[in-house]
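A short write-up of the structure that comes next.
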Amino acid sequence: MDFAQMGKMMELAKKVDLGKVMQLAETVDLGEVMAAVSSMPPDKLKAMLVALKSGGGAASPAELPAPNGDFYSFYSELTDEERAALARVRSFMEETVRPAINAAWSADETPRQLLIDGFRTLGVTRLIFNEDGSRTPRASLLEGFLTVEMARVDVSTATFFGVHAGLALWSIVLGGSEAQKAEWVPKMLSMDVIGAFGLTEKYVGSGAAGGLRTTCRREGDEWVINGEKKWIGNSTFSDFTVIYARDEADQKTKGFIVRKGTPGYSVKKIEGKIALRAVENGEITLENCRVAESDRLQNVTEWRVVADILRATRAGVAWQGVGCQIGAYETALAYTQQRRQFGKPIAGFQLVQEKLVQMLANTTASFALCVRLSHMQDAGQMADEHASLAKVFTAARCRDTVALARETLGGNGILLEHHVARFFSDTEAIYSYEGTNEVNSLVVGRAITGFSAFV
Ligand SMILES: Cc1cc2nc3c(=O)[nH]c(=O)nc-3n(C[C@H](O)[C@H](O)[C@H](O)COP(=O)(O)OP(=O)(O)OC[C@H]3O[C@@H](n4cnc5c(N)ncnc54)[C@H](O)[C@@H]3O)c2cc1C
């Protein structure tokens with residue numbers, strides 16, 4: 001033994017409680033223990049030390065598995081370039097949005113300048129749309145992962161983006177003429193103008209297909225719109241809102257680009273929500289609101305076009321359910337690795353592990369379904385019922401996951417500062433918008449049975 005080794009032995013001897021060693025020697029063969037430990041492979045030895053520490057002292061986070069909601073490596077579906085773009089979005093969400101979001105959520109406000117500046121700099125809209133409104137080759141898949149990156153930190157942010165670059169932009173892309181697309185798409189992609197989507201009404205929600213009460217009437221080169229809209233995301237600050245109305249002449253659905261400040265158009269912010277508080281939803285009143293024929297969406301001639309828009313965006317809401325679950329699961333897991341009760345981290349209790357596994361199973365199943373859905377969408381094979389099934393499933397699994405995550409944090413689960421309470425509340429909106437659980441089930445039910453059970 002050289003001097004250095006002797007020094008180490010002396011240091012060790014100072015730390016060891018010899019009384020305890022003597023006690024141990026009475027019940028355990030210490031020679032056998034030393035032989036077993038010295039023949040152990042280094043990784044097993046390390047794992048054993050971590051396990052021993054977690055029973056007595058605190059394990060450092062670096063020694064524990066990092067929380068990872070992508071258990072089946074779905075990100076391997078993407079190219080290096082796509083992953084790099086998403087990594088930039090993740091940094092923005094973690095470093096800029098996360099520190100600001102609880103205050104915005106509490107204040108019932110969208111941190112819109114922060115989001116607009118960030119998404120503009122990152123160029124996120126151009127990952128999914130080309131300048132002429134056509135889609136990039138793997139737009140649906142990328143849009144899904146983009147939604148995950150947003151929703152795993154904050155679902156309101158994903159909704160703000162989904163209303164602008166989903167519902168509103170799709171309305172222009174599918175419903176607009178070439179001239180309308182040329183006018184609006186580039187400004188929407190650069191986020192110089194922000195759009196909103198006005199379909200739902202105070203008295204007409206699920207039944208919008210058959211019975212919009214908001215009416216439009218042509219008078220010369222103008223249309224006169226009257227009615228009310230409810231729940232319209234982004235409308236408190238949007239530069240325009242697409243308003244869908246029933247034509248008094250032919251009873252068919254028409255769409256209009258109603259610009260901010262148009263006389264007869266007013267918006268009141270809905271207060272007191274318990275979900276998606278960082279999305280500003282408006283109640284819109286249209287009183288003899290006059291819109292030029294040139295701002296009527298030229299290709300919205302019937303309900304079918306609105307259904308096409310909703311089908312495309314419904315897939316996006318299913319993906320929100322994935323991101324929300326990943327955020328809740330990863331936050332809950334990290335918490336359980338550090339939170340100690342009865343002398344050890346709660347992650348070491350069987351009942352807690354069972355909850356974590358259930359959350360991961362929900363998340364992984366939802367993720368798999370959405371990846372497949374997006375492949376179908378990119379291939380032009382996604383029907384209404386495919387989007388609806390994904391929405392029904394992920395929203396229901398999401399409800400289960402966020403409830404488990406909340407309960408895993410005990411009392412801290414209802415505090416905003418621990419970042420799970422928001423997911424818990426926001427899931428209620430995911431469950432009900434873009435077609436409620438029941439309505440989406442009816443869409444699937446009709447497809448598989450051949451019988452419509454809507455009315
Ligand atoms: C946070 C948030 C944001 C939103 N953003 C927008 C937006 O930007 N633009 C927009 O246009 N809309 C928006 N919506 C509206 C949303 O799409 C509607 O809330 C949704 O379509 C349900 O309509 P409703 O709330 O009027 O419920 P209702 O249609 O009144 O439904 C109430 C209940 O009855 C059930 N039900 C209805 N019909 C049937 C049936 N045939 N069979 C069985 N059950 C049935 C429903 O499933 C539900 O449980 C938003 C909603 C929320 C909550």
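When a ligand or atom number is given, it counts from 1 through the structure's own listing order. Computed from a prediction, not measured in an experiment: that's the story for all the values here.
Defined by atom type and a distance below 3.5 Å, a donor-acceptor pair is present between the side-chain atoms of Asp378 and Ser140. When only modelled atom types and interatomic distance are considered, Gln338 and Arg340 share no side-chain donor-acceptor pair under 3.5 Å. There is a side-chain donor-acceptor pair under 3.5 Å between Trp319 and Ser374. Between the side chains of Ser388 and Asp384, no donor-acceptor pair of N or O atoms lies under 3.5 Å.
Counting only heavy atoms of the protein, atom 8 (O) of ligand 1 lies nearest to Gly233 N, 3.0 Å. Nearest protein heavy-atom neighbour of atom 20 (C) of ligand 1: Ser432 O, 3.6 Å. Atom 41 (N) of ligand 1 has its closest protein heavy atom at Phe454 O, 2.9 Å. Scanning the protein for heavy atoms near atom 26 (O) of ligand 1, the closest one is Gly205 CA, 3.2 Å. Looking from atom 10 (C) of ligand 1 to the surrounding protein, the closest heavy atom is Thr200 OG1, 3.4 Å. Nearest protein heavy-atom contact of atom 50 (C) of ligand 1 is Trp231 CB, 3.4 Å. What sits closest to atom 2 (C) of ligand 1 on the protein, heavy atoms only, is Tyr433 CD2, 3.6 Å. Atom 45 (C) of ligand 1 has its closest protein heavy atom at Glu438 CB, 4.3 Å.
When non-hydrogen atoms are compared, ligand 1 lies under 4.0 Å from neither the backbone nor the side chain of Asn437. Under 4.0 angstrom from ligand 1, the non-hydrogen atoms of Thr436 all belong to its side chain. Here Glu434 has backbone heavy atoms under 4.0 Å from ligand 1, and that is the only part of it that gets that close. Looking at Ala453 against ligand 1, nothing comes within 4.0 Å, counting heavy atoms. Heavy atoms of Asn281 found under 4.0 angstrom from ligand 1 belong exclusively to the side chain.
The nearest protein heavy atom to atom 39 (C) of ligand 1 is not closer than 4.0 Å. Per-atom contact check: atom 34 (O) of ligand 1 does not touch the protein, criterion being a heavy-atom distance below 4.0 Å.
In this structure, CD1 on Ile257 lies 11.0 Å from OG1 on Thr241, to the nearest 0.5 angstrom.
Annotation: Gly435 places no N or O atom under 3.5 Å from an N or O atom of ligand 1; distance criterion only. Some N or O of Phe197 is nearer than 3.5 Å to an N or O of ligand 1, by distance alone. Ligand 1 has an N or O atom lying under 3.5 Å from an N or O atom of Ser206, backbone or side chain.
The closest approach between a heavy atom of Val455 and any atom of ligand 1 is not below 4.0 Å.
A salt bridge links Glu94 to Arg152: one of the charged nitrogens lies within less than 4.0 Å of a carboxylate oxygen.
Taking the six-membered ring for Trp, Tyr72 and Phe367 have ring centres at least 6.0 Å apart. A ring-centre distance under 6.0 Å is not found for Tyr244 and Trp303. Aromatic ring centroids of Trp231 and Tyr433 lie 6.0 Å or more apart.
For ligand 1 and Leu442, the ligand atoms under 4.0 Å from any heavy atom of the residue are 40 (C), 41 (N), 42 (N). Heavy-atom proximity to Leu199, at under 4.0 Å, picks out these atoms of ligand 1: 11 (O). Under a 4.0 Å criterion applied to the non-hydrogen atoms of Ile232, ligand 1 contributes the atoms 7 (C), 8 (O), 9 (N), 10 (C), 11 (O).
Residues passing the side chain to side chain donor-acceptor pair (under 3.5 Å) test with Glu228, sequence neighbours excluded: none.
Cation-pi geometry between Arg446 and Phe451 is not satisfied (NZ or CZ under 6.0 Å from the ring centre, within 45° of the ring normal).
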side-chain contact (heavy atoms from CB on, under 4.5 Å) between Asp426 and Phe423: does it pass, once the steps are laid out? CA-CA 5 Å; Asp426 290 347; Phe423 291 125; 5.6 Å; no

Stepwise salt bridge (charged side-chain N to carboxylate O under 4.0 Å, His left out) check, Asp247 with Lys252: CA-CA 5 Å; Asp247 188 348; Lys252 293 205 169 143; over 6 Å; no

